[in-house]
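Letters A, B, ... are given to chains in the order of the sequence lines, protein chains preceding strands, and every chain is numbered from 1. The figures here come from the full heavy-atom set of this structure, side chains too, leaving out hydrogens, waters and symmetry mates.
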2 protein chains.
Amino acid sequence: MDIMQEITGLELSPKKVEYLKFLLKKGGLVKTTDISNELNVDPSTSTKTITDLSESGYVDHVPYRGVQLTEVGKQYAEFFVNRHNILSLMLTHYGLSSEESCAEVSRFESFISKNAIDRICDSMGHPTVGVCGKIKHISCGSLDRL
Amino acid sequence: MDIMQEITGLELSPKKVEYLKFLLKKGGLVKTTDISNELNVDPSTSTKTITDLSESGYVDHVPYRGVQLTEVGKQYAEFFVNRHNILSLMLTHYGLSSEESCAEVSRFESFISKNAIDRICDSMGHPTVGVCGKIKHISCGSLDRL
DNA sequence: ATCAATCATTGGTATAATACCAAATAAGTT
DNA sequence: AACTTATTTGGTATTATACCAATGATTGAT
């Protein structure tokens with residue numbers, strides 16, 4: 001059930017990570033056009049990327065109707081959001097502003113392993129409030145999760 | 001003179017960063033074959049990459065003879081090494097081993113801005129010893145540099 | 001219920017980064 | 001000078017990302 005146990009966190013490319021995070025934020029059935037608006041890409045680009053994500057099992061795509069995270073996709077997306085939040089919070093501890101941290105993290109987050117995030121999260125005492133949003137600890141290996 | 005003043009740190013692609021770091025480590029005139037051995041790429045690949053770096057002004061390349069960092073290239077390379085060391089050191093503060101930190105950092109270091117590194121370095125009190133090697137503070141904006 | 005307008009997809013093409021192979025060329029060695 | 005080894009060139013491939021133009025689907029209005 002817990003797919004997150006054996007992942008590296010490096011499975012998806014930077015842009016695909018953005019797609020999943022947006023799908024989670026939006027929730028439910030999302031139009032590919034919404035994605036292209038949010039991520040500032042041509043609709044054809046989002047359709048193609050969604051097709052990829054669909055073939056890899058992260059989303060369900062019904063052409064002309066919409067996209068939705070699969071259960072696996074949702075778990076990944078939650079990890080991605082947490083990863084972003086943990087890392088942003090971490091950088092603010094070094095004197096970067098929330099905005100700077102967030103921008104910085106956006107550039108490199110997809111290259112940080114789940115293992116590293118788990119350690120960092122652990123070491124920070126599993127904070128629940130970040131600078132970019134709340135942090136959940138469902139997939140981070142925390143003993144006090146739920 | 002201090003070119004490092006106005007750089008973002010994001011000018012070079014991940015692989016090119018590796019090239020410059022290796023050239024700095026090796027020092028002097030380096031054969032493209034040495035590079036291809038070190039970085040595990042075909043000699044033709046290293047030649048092409050070096051040609052790029054040469055056209056961008058980071059190295060001087062005399063075909064069939066060798067490559068050498070330009071002054072600008074050397075300053076960049078020094079920044080890259082410091083960036084790696086600072087980030088590795090930072091991650092060890094969160095419970096990652098030296099090896100883990102180093103491996104982790106190797107994946108994302110080229111996406112961290114010089115600005116962020118300067119702040120982190122500042123915040124850590126300009127450490128001179130990292131887990132991947134010594135840290136110099138020539139380009140980090142430290143007042144106590146030199 | 002059909003047509004027009006809008007939305008979404010497909011097909012083609014492009015770029016940057018990275019890589020390999022085979023062929024050609026230069027260097028070094030005897 | 002010939003032969004061997006090192007290096008470069010030219011061609012091609014892959015992955016990730018992107019756009020445009022054309023096609024196809026959906027929907028809202030009449």
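- When the C1' atom of C:dA16 is taken as reference, atom CZ of B:F111 falls 12 Å away, rounded to whole Å.
- Here A:T45 reaches the OP1 or OP2 of D:dC19: one of its side-chain N or O atoms lies under 4.0 Å away.
- Taking only side-chain nitrogens and oxygens, A:R65 never comes nearer than 4.0 Å to OP1 or OP2 of C:dT9.
- A salt bridge does not link A:E18 to A:K25: none of the charged nitrogens lies less than 4.0 Å from a carboxylate oxygen.
- Judged by atom type and distance alone, A:S44 reaches the base of D:dC20 through a side-chain donor-acceptor pair under 3.5 Å.
- Picking from D:dT8, C:dT10, D:dA6 the nucleotide with the shortest atom distance to the side chain of B:K31 gives D:dA6.
- The CD1-C1' distance, from B:I50 to C:dT18, rounds to 14 Å in whole Å.
- In this structure, A:H137 contributes its side chain and A:H126 its backbone to a donor-acceptor pair below 3.5 Å.
- Minimum atom distance to the side chain of A:K15 is reached by D:dT17, of the listed D:dT17, C:dA19, D:dC19.
- One interatomic measurement links the two molecules: OH of A:Y64 to P of D:dT23, which rounds to 13 Å at whole-angstrom precision.
- Toward the 5′ end of DNA chain D lies the nearest nucleotide of B:S46, the other residue of the pair A:P14 and B:S46 mapping further downstream.
- Taking atom CG of B:D52 as the reference point, atom P of C:dT15 lies 15 Å away to the nearest angstrom.
- Rounded to a whole Å, the CD atom of A:E11 is 17 Å from the C1' atom of D:dA16.
- Proximity note for B:P63 (side chain, C-beta onward) versus D:dC19, C:dT10, D:dT8: the nearest is D:dT8.
- For A:F108 and B:F108, the ring centers are positioned less than 6.0 Å apart.
- With no hydrogens or angles considered, no side-chain donor-acceptor pair links B:S113 and B:N115 at under 3.5 Å.
- Residue A:T32 places at least one side-chain N or O closer than 4.0 Å to OP1 or OP2 of C:dT9.
- Distance, A:L10 CG to D:dT15 C1': 16 Å, rounded to whole Å.
- One donor-acceptor pair, N or O on each side, does fall under 3.5 Å between the base of C:dG12 and the side chain of A:K48.
- Of all the heavy atoms in A:H84 and A:V105, the pair that sits closest is ND1-CG1, 3.6 Å.
- When the nucleotides D:dC19, C:dT10, D:dT17 are ranked by their closest atom to the side chain of A:T47, C:dT10 comes out on top.
- Rounded to whole angstrom, the span from the CD atom of B:E18 across to the C1' atom of C:dT18 amounts to 11 Å.
- Taking atom CD1 on B:I35 and atom P on C:dC20, their separation rounds to 14 Å, with Å as the unit.
- For B:S13, taking side-chain heavy atoms from C-beta onward, the closest of the listed nucleotides C:dG12, C:dT18, D:dT8 is C:dT18.
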